[in-house]
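Source: prediction; values computed, not measured.
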Amino acid sequence: QVQLVESGGGVVQPGGSLRLSCARSGSISRFNTWGWYRQAPGKQRELVANIATFGSTNYADSVNGRFTISRANAKNSVGLQIIILIPDDTAVYYCHIVVVGRTYWGQGTQVTVSS
């Protein structure tokens with residue numbers, strides 16, 4: 001079975017930076033899309049960014065220019081570099097993979113932005 005494990009969350013001040021990572025175990029098709037979603041208390045889960053098989057990326061307007069998604073060379077992990085954190089980024093961040101006919105989720109990692 002496929003499992004996803006996120007790491008890298010923490011508590012930081014506004015203007016700080018974090019790098020989140022997601023490691024995959026198990027086998028999936030090489031044709032896939034990785035993504036990051038987040039969910040703040042009392043709000044719906046929303047797409048933050050994703051990256052497709054050949055490297056094309058998409059970002060939510062709220063994070064565009066501040067977040068960067070990338071694949072590792074081994075292609076069994078994905079990162080999310082957050083270069084400028086703001087309080088509205090506070091949420092649980094979830095790793096996500098879509099392949100044909102299947103969707104996988106990680107357990108999430110907490111990011112808290114507070115002074």
A.B. asks: Examine I51 and V2 and state if one hydrophobic cluster contains both, with Ile, Leu, Val, Met, Phe, Trp and Tyr joined whenever side-chain heavy atoms are less than 4.5 Å apart.
C.D. replies: yes
A.B. asks: Specify the closest pair of heavy atoms between E6 and G108, including all atoms of both residues, with the distance to one decimal.
C.D. replies: OE1-N, 2.9 Å
A.B. asks: Looking only at heavy atoms, what is the nearest atom pair of V113 and T90, with distance?
C.D. replies: N-OG1, 2.9 Å
A.B. asks: To the closest 0.5 Å, what do you measure between CG (N58) and CG (L47)?
C.D. replies: 7.5 Å
A.B. asks: Go through the steps to decide whether S21 and S7 satisfy the test side-chain hydrogen bond (donor to acceptor under 3.5 Å, both in side chains), and finish with yes or no.
C.D. replies: CA-CA 5 Å; S21 63; S7 62; 2.8 Å; yes
A.B. asks: Measuring from atom CH2 of W34 to atom CD1 of I69, what distance do you get when rounded to the nearest 0.5 angstrom?
C.D. replies: 9.5 Å
A.B. asks: Apply the test side-chain contact (heavy atoms from CB on, under 4.5 Å) to residues R66 and D89: give CA-CA distance (whole Å), side-chain angles for both, the deciding distance (0.1 Å), then the verdict.
C.D. replies: CA-CA 11 Å; R66 300 187 297 111; D89 294 327; 2.7 Å; yes
A.B. asks: Side-chain heavy atoms nearer than 4.5 Å, only ILVMFWY residues, links allowed to pass through others: does that put V78 and V92 together?
C.D. replies: no
A.B. asks: Determine whether W36 and N50 make a side-chain contact, defined as any pair of heavy atoms from C-beta on separated by less than 4.5 Å.
C.D. replies: no
A.B. asks: Could you grab the distance from atom CG of L4 to atom CD1 of I97, nearest 0.5 Å is fine?
C.D. replies: 4.5 Å
A.B. asks: State, to 0.1 Å, how close Q81 and L18 come at their nearest heavy-atom pair, and which atoms those are.
C.D. replies: NE2-O, 3.4 Å
A.B. asks: Cluster question for you: counting only ILVMFWY and a side-chain heavy-atom cut-off of under 4.5 Å, with indirect links fine, are V98 and L80 together?
C.D. replies: no
A.B. asks: Going from OH on Y93 to SG on C22, what distance comes out if it is rounded to the nearest 0.5 angstrom?
C.D. replies: 15.0 Å
A.B. asks: Do the ring centers of Y37 and W105 come within less than 6.0 Å of each other?
C.D. replies: yes
A.B. asks: Can you tell me how far apart CD1 (I82) and OG (S17) are? Round to the nearest 0.5 Å.
C.D. replies: 8.5 Å
A.B. asks: Counting neighbours of CD on Q39 that are heavy atoms of other residues, nucleotides or ligands and sit closer than 6.0 Å, is the number greater than 12?
C.D. replies: yes
A.B. asks: Could you tell me whether the side chain of S114 reaches within less than 4.5 Å of the side chain of P87, counting heavy atoms only?
C.D. replies: no
A.B. asks: Does Y94 share a hydrophobic cluster with V99, counting links as ILVMFWY side-chain heavy atoms below 4.5 Å and allowing steps through other members?
C.D. replies: no
A.B. asks: Can you measure from CD (Q1) to OG (S25) and round to the nearest 0.5 angstrom?
C.D. replies: 7.5 Å
A.B. asks: Please report the closest heavy-atom contact between F31 and T53, naming both atoms and the distance.
C.D. replies: CA-OG1, 3.3 Å
A.B. asks: Taking all non-hydrogen atoms of both residues into account, name the closest pair between A72 and S77 and its distance.
C.D. replies: CB-OG, 2.9 Å
A.B. asks: Hey, is CZ on R102 packed in by over 12 heavy atoms from elsewhere, all under 6.0 Å?
C.D. replies: no
A.B. asks: So, R71 side chain and A52 main chain: donor-acceptor pair closer than 3.5 Å or not?
C.D. replies: yes
A.B. asks: If you take all heavy atoms of R38 and S62, which pair is closest and at what distance?
C.D. replies: NH2-OG, 3.5 Å
